[in-house]
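Please read the structure below before turning to the comments.
All values below come from the heavy atoms of this structure, side chains included, with hydrogens, waters and symmetry mates left out. Throughout, a chain's letter reflects where its sequence line sits, starting with A, and its residues are numbered from 1.
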Amino acid sequence: MARANDEAAALLRELADLLSITGGDAFKIRAYEKAARSLQGHPDDVADLPPSRLREIPSVGEAIAKKVEDYLATGTIRQVEELRTRIPAGVRALTEIPGLGPKKALALYDEIGVASVDELADAIGRGRLRGLKGFGPKTEENIRHGIELLRQAGERSLVDVAADLADEIVAVLAEVPGVERCAFAGSLRRMRETIGDVDVLAATDDPRPVMEAFTALPFVTEVIAGGDKKTSVRTSRGLQVDLRVVPPEAWGAALQYFTGSQAHNVRTREIAVRAGLRLSEYGIFDVESGALIASETEEEVYARLGLPWIHPTLREDAGEIQAALAGELPRLVTVDDLRGDLHSHTDLTDGTATLEEMVRAAIGRGLEYYAVTDHAPNLVMQRMTSEKMLAQRERIRALNARTPELEILHGTELNIDGDGNVDWDAEFLAGFDVCVASVHSQFRQDKDTMTRRFVRACENPYVHVIGHPTTRSLGRRGPVDADWDEVFRAAARTGTAMEIDCFPDRLDLPADLVRRAKRLGVRFSVDTDAHSLRDHRNIRFGVGVAQRGWLTPDDVINTWPLDRLRAFFAAKTERA
DNA sequence: GCCGTTTTCGGCCCGACTGTTTTCAGTCG
């Protein structure tokens, strides 16, 4: 089940959206949004919390605590229900379109009766937006493009949604009597950045009980197909899930087969054919005799093909077979290799947890060092000042003295302005242990300008990491336009790391660019960019991207011991 | 609606960018 926190947060967010459409008080709206973020990032499940403790959650006061209690008792919030009768769900959905906010959504509904994304697309097609006040040709084109983006994204889910769902399913099915093994396969096991549907595999000789347990899961909304070998369902999370049941002795072959990718499987089957073998989801068979040769484990299946086991994240037919044959597969970086995290926020800016709470979470991850990198002043809405930053540094010094198990680094996330300059002067920047620098504005600059901007940021002696470099937001905003090879050469030359930001809607750099950058000698930092305690668990998604980019521990600077990392930063500053 | 080393009222997430405008509204980070 989704946590009660997530559902309560969704309701508060809906309340905020509906109020912004109907023109409610802006501060009240922000208070709901803030509370929603805080709830979602809160580690304790509100369903298990006594009502008296709800108000201990930051940004949750008397009124919002009541609403959460309302939700826990009735499954909904009264004010939300009331507003729903006035504003159709489709009107709120309009605000999902990038570039279209609450005011324009309401105008479309009031003026021409548009109450869903489909109706809006239709209205544009019929030219019904022409002459509507505030909707010129550019706006119309932006909305049209926004709908396209939204529809592309709608077909696939972010990896964290799919991973949570898959983990829940596997946990339940693994406990069904007779099930010997259970795991997810498919694009999720390969850690693709978005997931079309979830593939779950179970090994048992008695399929019936596991199929029944599967279709009885609370979030299953529709059974599309149900058989002994395969059952497909739709879920309330927007994802389809396929469950395949195989006999235990076929586990390895089935896991290999259903993990894919299709292109990878075509290659492995070709190798089998050339050796007089046949590879299917049931095993490797001798073509002539029909005898089963191997099927129990993936390792055996690959071994019979003359290959070492290939990590799922590499199975894209992107050179992994050749590398495997040559004995040149990389030793991929793992979550356990990471000693530090170089990008995180606290409630000093837009995080929802305190410095002390975030540090405890970092200790819980077993990290040796942890950078707190709150936003710098040029991102005006965060209201950072030099004084606040220095005060935080003092708090970190004091906390470090009490925290022998972890070294807290004082950092900041700088803003790369339109010309490639960042906040503060050299003297102030020199006071930080680590500086991440990111683009937060002027996303539409032309390619040459954007490239120069990044190169200049790399050339800044105090910029150690370029944060979420492409600034894409999956389903909302495409990547900025830059000559990435030029940027990567500058990063390699100056000793500037490229970040892999672990947020499921960022995953930035994307894996294909990671691989290109690695070839040009770039180093990477795999960071959570955590804004809440829960965000720490996103680390596995960023590591997935690093693996898909063929990175080894040595490529990733936050696997290094702290003294090596400090030397790397110092070398950059001295070189400049 | 929340919050407090400027406190229990009066602030709070400001300013750039875009597109539509003739001086500004809407959106976004």
task = Pick base, sugar-phosphate or nothing for A:Ile29, based on heavy-atom distances below 4.0 Å to the nucleic acid.
result = nothing

inquiry  = Distance check needed: B:dG26 C1' versus A:Leu94 CG, whole Å only.
reply    = 15 Å

request  = Whole angstrom is fine here: how far is it from CD in A:Glu62 over to P in B:dG1?
outcome  = 10 Å

ask   = Taking the six-membered ring for Trp, does A:Phe27 stack with B:dC2 (centroid gap under 5.5 Å, planes within less than 30°)?
value = no

remark   = Separation of B:dG19 atom P from A:Arg144 atom CZ, nearest Å, is 14 Å

message = If you compare every side-chain N and O of A:Arg477 against the phosphate oxygens of B:dG29 (OP1, OP2), does one of them come in below 4.0 Å?
response = yes

key: Atom C1', compared across B:dC12 and B:dT6: separation rounded to whole Å   = 14 Å

Same-atom distance (P) from B:dC13 to B:dT20, integer angstrom = 32 Å

task = Residues of residues 442-454 of chain A with any non-hydrogen atom less than 4.0 angstrom from an atom of DNA chain B: list those, numerically ordered, please.
result = A:Gln442, A:Phe443, A:Arg444

note = Checking N1-N3 plus N6-O4 or O6-N4 for Watson-Crick, or N1-O2 and O6-N3 for wobble, each under 3.5 Å, the partner of B:dT8 is none

request  = Could you give the distance separating B:dG10 and B:dG15 at their P atoms, to the nearest angstrom?
outcome  = 23 Å

ask   = OP1 or OP2 of B:dC13 less than 4.0 angstrom from a side-chain nitrogen or oxygen of A:Arg30, does that happen here?
value = no

query = Once you round it to whole Å, what is the distance between C1' of B:dG29 and CG of A:Asp350?
reply = 10 Å

inquiry  = Please determine whether a side-chain nitrogen or oxygen atom of A:Asn142 lies at a distance below 4.0 Å from atom OP1 or OP2 of B:dG19.
reply    = yes

ask   = When you look at A:Arg86 and A:Thr22, which way does the side-chain contact (heavy atoms from CB on, under 4.5 Å) test go after all the steps?
value = CA-CA 9 Å; A:Arg86 291 170 51 195; A:Thr22 56; 4.0 Å; yes

key: Sugar-phosphate, base or nothing in reach of A:Arg55, heavy atoms under 4.0 Å   = nothing

ask   = Within 45 degrees of the axis of the six-membered ring of A:Tyr370 and under 6.0 Å from its centre: does A:Arg365 put its NZ or CZ there?
value = no

request  = Name the closest nucleotide to the A:Arg383 side chain, picking from B:dT20, B:dG1, B:dC14.
outcome  = B:dC14

ask   = Does A:Arg476 put a side-chain nitrogen or oxygen below 4.0 Å from OP1 or OP2 of B:dG29?
value = no

Polar side chain donor-acceptor pair, A:Ser525 to A:Asp527, under 3.5 angstrom = yes

note = On DNA chain B, more 5' by nearest nucleotide between A:Thr95 and A:Gly134 is A:Gly134

inquiry  = Can you confirm whether the side chains of A:Asp448 and A:Thr451 place a donor and an acceptor under 3.5 Å from each other?
reply    = no

ask   = Have A:Arg453 and A:Gln445 got a donor and an acceptor in their side chains that come within less than 3.5 Å?
value = yes

query = Between A:Tyr462 and A:Trp424, is the gap from one ring center to the other below 6.0 Å?
reply = no

note = Rounded to whole Å, CG of A:Leu15 lies from P of B:dC2 at a distance of 11 Å

request  = Please list, by residue number, the residues of residues 64-79 of chain A whose heavy atoms come closer than 4.0 Å to an atom of DNA chain B; answer none if no residue qualifies.
outcome  = A:Ile64, A:Lys67

query = Within the structure shown, what part of the strands sits under 4.0 Å from A:Ser441 by heavy-atom distance: base, sugar-phosphate, or nothing?
reply = nothing

task = In whole angstrom, give me the gap between the P atoms of B:dT21 and B:dA16.
result = 24 Å

request  = Quickly work out the A:Leu19 CG to B:dG1 P distance and round it to whole Å.
outcome  = 9 Å

query = Taking for each residue the nucleotide of DNA chain B bearing the nearest heavy atom, is the 5' side occupied by A:Leu132 or by A:Ile97?
reply = A:Leu132

inquiry  = Distance check, rounded to the nearest 0.5 Å: A:Arg237 atom CZ versus A:Ser157 atom OG?
reply    = 10.5 Å

task = Could you work out the separation of B:dC9 and B:dC14 based on their P atoms and round it to a whole Å?
result = 23 Å

message = I'd like to know if the side chain of A:Asn538 reaches the main chain of A:Phe503, judged simply by a donor and an acceptor atom lying under 3.5 Å from each other, with no hydrogens or angles considered.
response = no

d(CG, A:Asn415; P, B:dC13) in whole Å = 17 Å

Residue pair A:Thr559 / A:Val333: nearest heavy atoms and the distance that separates them = CG2-CG2, 3.9 Å

query = Which nucleotide in the set B:dC14, B:dT27, B:dT20 lies at the smallest distance from any side-chain heavy atom of A:Val380?
reply = B:dC14

Residue-phosphate contact under 4.0 Å: A:Thr139 side-chain N/O, B:dT20 OP1/OP2 = yes

ask   = Among B:dT27, B:dG29, B:dC2, which is the nearest nucleotide to the side chain of A:Ala31?
value = B:dC2

task = May I ask you to evaluate whether A:Lys103 reaches the phosphate of B:dG26, defined as a side-chain N or O under 4.0 Å from OP1 or OP2?
result = no

message = With no hydrogens and no angle check, just 3.5 Å: does a side-chain donor-acceptor pair link A:Arg192 and A:Ser187?
response = no

query = Between atom CD1 in A:Ile143 and atom P in B:dG19, what is the gap in whole Å?
reply = 12 Å

ask   = Are side-chain N/O atoms of A:Tyr71 and A:Glu7 paired as donor and acceptor at under 3.5 Å?
value = yes

key: Whole-Å P distance, B:dG1 and B:dT5   = 23 Å

request  = Return the set of residues passing side chain to side chain donor-acceptor pair (under 3.5 Å) with A:His345 (not counting sequence neighbours), or none when no residue passes.
outcome  = A:His343, A:Glu413, A:Asp529

